[in-house]
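Shown next, in structure tokens, is the structure this report addresses.
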Amino acid sequence: MIREAIKEAMKIRKIKAITLAEHIGVAKSTMSLFLNGKLNLGQDKIERIFNFLGIKLVITE
């Protein structure tokens, strides 16, 4: 769910994985593994991604 939201926001904003990786301070390969579901990133990095892409997390019941 989180990966899909990130991918969609990247597509809408025309942001490449390398740009996102550079912004949050990880290697492009790390970002690729994360986006493909083969690696998890820590909460701090996810929050930085959300802030960069303008994604707000809303939890509903």
Ignoring hydrogens, what is the shortest heavy-atom contact between Met31 and Ile49? Give both atom names and the distance. CE-CD1, 4.1 Å
Tightest non-hydrogen contact, residues Ala27 and Ala21, listed as O-CB, 3.9 Å
Side chain to side chain donor-acceptor pair (under 3.5 Å) pairs, two or more places apart, involving residues 19-37: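 Side chain to side chain donor-acceptor pair (under 3.5 Å) check on residues 19-37 returns Ser32-Asn36.
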Would you give me the side-chain donor-acceptor pairs under 3.5 Å for residues 9-18, sequence neighbours excluded?
from, atom 1, to, atom 2, distance (Å)
Arg13, NE, Leu53, O, 2.6
Arg13, NH1, Ala9, O, 3.4
Arg13, NH2, Leu53, O, 3.0

At what distance, to the nearest 0.5 angstrom, does CG of Leu57 lie from CD1 of Ile2? 6.5 Å
Can you tell me how far the CD1 atom of Ile24 sits from the CZ atom of Phe52, to the nearest 0.5 Å?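 Between Ile24 CD1 and Phe52 CZ, I get 10.0 Å after rounding to 0.5 Å.
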Pair listing, ring-ring contact (aromatic ring centres under 6.0 Å, His included) test, anchored in residues 1-20, at least two apart: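 Every pair satisfying ring-ring contact (aromatic ring centres under 6.0 Å, His included) with a residue in residues 1-20: there are none.
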Kindly state each residue pair satisfying ring-ring contact (aromatic ring centres under 6.0 Å, His included) with at least one member in residues 30-51, sequence neighbours excluded.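 Listed once each, the pairs would be none.
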Counting only pairs under 3.5 Å, give me each side-chain donor-acceptor contact of residues 37-45, with atom names and distances, residues two or more places apart or in other chains.
from, atom 1, to, atom 2, distance (Å)
Asn40, OD1, Arg3, NH2, 3.0
Gln43, NE2, Glu47, OE2, 2.8

List the residues meeting side-chain contact (heavy atoms from CB on, under 4.5 Å) with Ala5, not counting sequence neighbours, and say none if there are none.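 Not a single residue meets the side-chain contact (heavy atoms from CB on, under 4.5 Å) criterion with Ala5.
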